[in-house]
Amino acid sequence: MTSSLARPRINRLFRFQWEPAQQAHVLLYPEGMVKLNQSAGEILKRCDGSTSVAEIVADLESAFNASNLAADVDAFLIMADAQNWITWSET
Amino acid sequence: MNAPLLIPQRPGPLWLLAEVTYRCPLHCAFCYNPVDFTQAGPELSTDDWLKVIRQARELGAAQFGISGGEPLLRDDIEILVAEARQLGFYTNLITSGVGLTEARLAALKAAGLDHIQLSFQDATREANDLITNTRTFDLKRKVAAMTKAAGYPTVINCVLHRSNIDHLDRIIEMAVEIGAEYLELANTQYHGWAFLNRQSLMPTEAQLAEAEAVTERWRQRLGKTMRILFVTPDYQSKKPKKCMNGWGEVFLSVTPDGLALPCHTARMLPGLEFPDVREHDIDWIWHESPLFNRFRGTAWLPETCQSCDEKDNDHGGCRCQAFMLTGDAGATDPVCPKSPDHALIDAALAEAERPGTVKPLVFRDPKNAVKLGRAF
């Protein structure tokens, strides 16, 4: 589990952007690209190194009028960390 | 108001590779460039390249690579990078490092360059200088330190072959010392100069197995700190690759003299007309040109492939390999054990196991190119 106070940011090895041709957020990296689904895109959009996991969850719940997103966000961030897409700022 | 018609359309290219020059200060014997590169026409102008970059981005291309030859021999790549980056491309410079001064690096950084892939040829000065036929080893170490200091992830590419594959442990150790985040170990694919030098470059089966074991040991040790990509050679993997992820599916390369190609080496194929980016736009080239449709998908595949379960995974393998080995670009890639021509591969592999028959290397330089006067 990630700490709810930890603040994820996109790893400098990746660039995160919206691709009109794909109609999706993508992660670009040396000679490659990961096409993200909508929820992955919405989570990573908020990984700015200053927003905590708890704040990201709260923001997503309010933006999408949803509740109990913490477990999903957590699972995604663990996967993103394993993929090296994100790093963590000191809490 | 009429709703726009939704016609399902083939996606555009994702990759634009600009091979901006065939000129190169190195003379690597494993280069995939055409052996007759001196016969290419004049290089595209800066404006020609800018037009290509804009048109490819409009079609949705997201990766822009600048390669060659040695791209730093052109003085306008900062301009190309700036335009590509501004349009949203992820920009990759694929370089030997020769010519990358502090001033140029600063200018490329200011232009928004995202990534530099630096080639290393070996872990020792002697071996590097031998295979490149230059004295460039110390320079490469210096350039690696310089790009790291500029904040770039360190991405190193090393082509493996018979003479350096036994140094792999030391090569990986060197990449660790340099602080690389990615290391691509690309076994030689036999195109262009590499095909010409195939016998001298091909490792034995035992060498290759040892290299894979060494790589695996380092992967276990390094974990996420350095990713190692080991590209297996087609000949030895006995499995044809879906070349460039499929002909005309994701990849678009443009040669120094302006020919649009679906892979790095397709200009060697006979009987095809290669569209010139000065005469046609990228949209037409990608979607309509006979070249990009020639081996697209699987409908054109020969009978050996049509009846095979793997056809959607490999599209019959590499067209250039099929042509170089059999004379027919439309044949099943001979690396496939089902190919009627697979004996050619077995013969090449058997040759690699025979000691004491290795021919001297032919280095990639303009003099040899003129003398040889052939494409591969």
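Here is how names work: the chains are called A, B, and so on, in the same order as the sequence lines, proteins then strands, and each is numbered from 1. Just the heavy atoms: all of them, side chains too, but no hydrogens, waters or symmetry mates, feed the values below.
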* Verdict with reasoning, Lys224(B) to Gln83(A), per side-chain contact (heavy atoms from CB on, under 4.5 Å) -> CA-CA 9 Å; Lys224(B) 278 201 303 182; Gln83(A) 295 288 331; over 6 Å; no

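Partners of His191(B) according to the side-chain hydrogen bond (donor to acceptor under 3.5 Å, both in side chains) rule, which considers only residues two or more places apart in sequence or in another chain, do not exist here. Asp283(B) is linked by a side-chain hydrogen bond (donor to acceptor under 3.5 Å, both in side chains) to nothing, counting only residues two or more places apart in sequence or in another chain.
At a 4.5 Å heavy-atom cutoff, the contact between Asp81(A) and chain B is made by backbone and side-chain atoms alike. The part of Gln117(B) that comes within reach of chain A is its side chain, from C-beta onward, which places non-hydrogen atoms under 4.5 angstrom from that chain. At a 4.5 Å heavy-atom cutoff, Phe64(B) makes no contact with chain A through either its backbone or its side chain.
Along residues 22-40 of chain A, the residues that come nearer than 4.5 angstrom to chain B, judged on non-hydrogen atoms, are Gln22(A), Leu28(A), Tyr29(A), Pro30(A), Glu31(A), Gly32(A), Met33(A) in order of number. The stretch residues 53-66 of chain A places none of its residues near chain B, where near means some heavy atom under 4.5 Å from a heavy atom of that chain.
A donor-acceptor contact shorter than 3.5 Å is absent between the side chain of Arg15(A) and the backbone of Asp114(B).
Shortest non-hydrogen contact noted between Gly60(B) and Ala21(A) is CA-CB, 3.5 Å.
To the nearest 0.5 angstrom, Tyr152(B) atom OH is 11.5 Å from Arg12(A) atom CZ.
Chosen from Thr91(B), Asn92(B), Leu59(B), Ile116(B), the residue pairing most often with chain A at heavy-atom distances under 4.5 Å is Asn92(B). Contact count against chain A (heavy-atom pairs under 4.5 Å) is highest for Gly88(B) among Ala61(B), Gly12(B), Gly88(B).
Counting heavy atoms from C-beta outward, Arg227(B) and Asn84(A) have side chains that approach closer than 4.5 Å.
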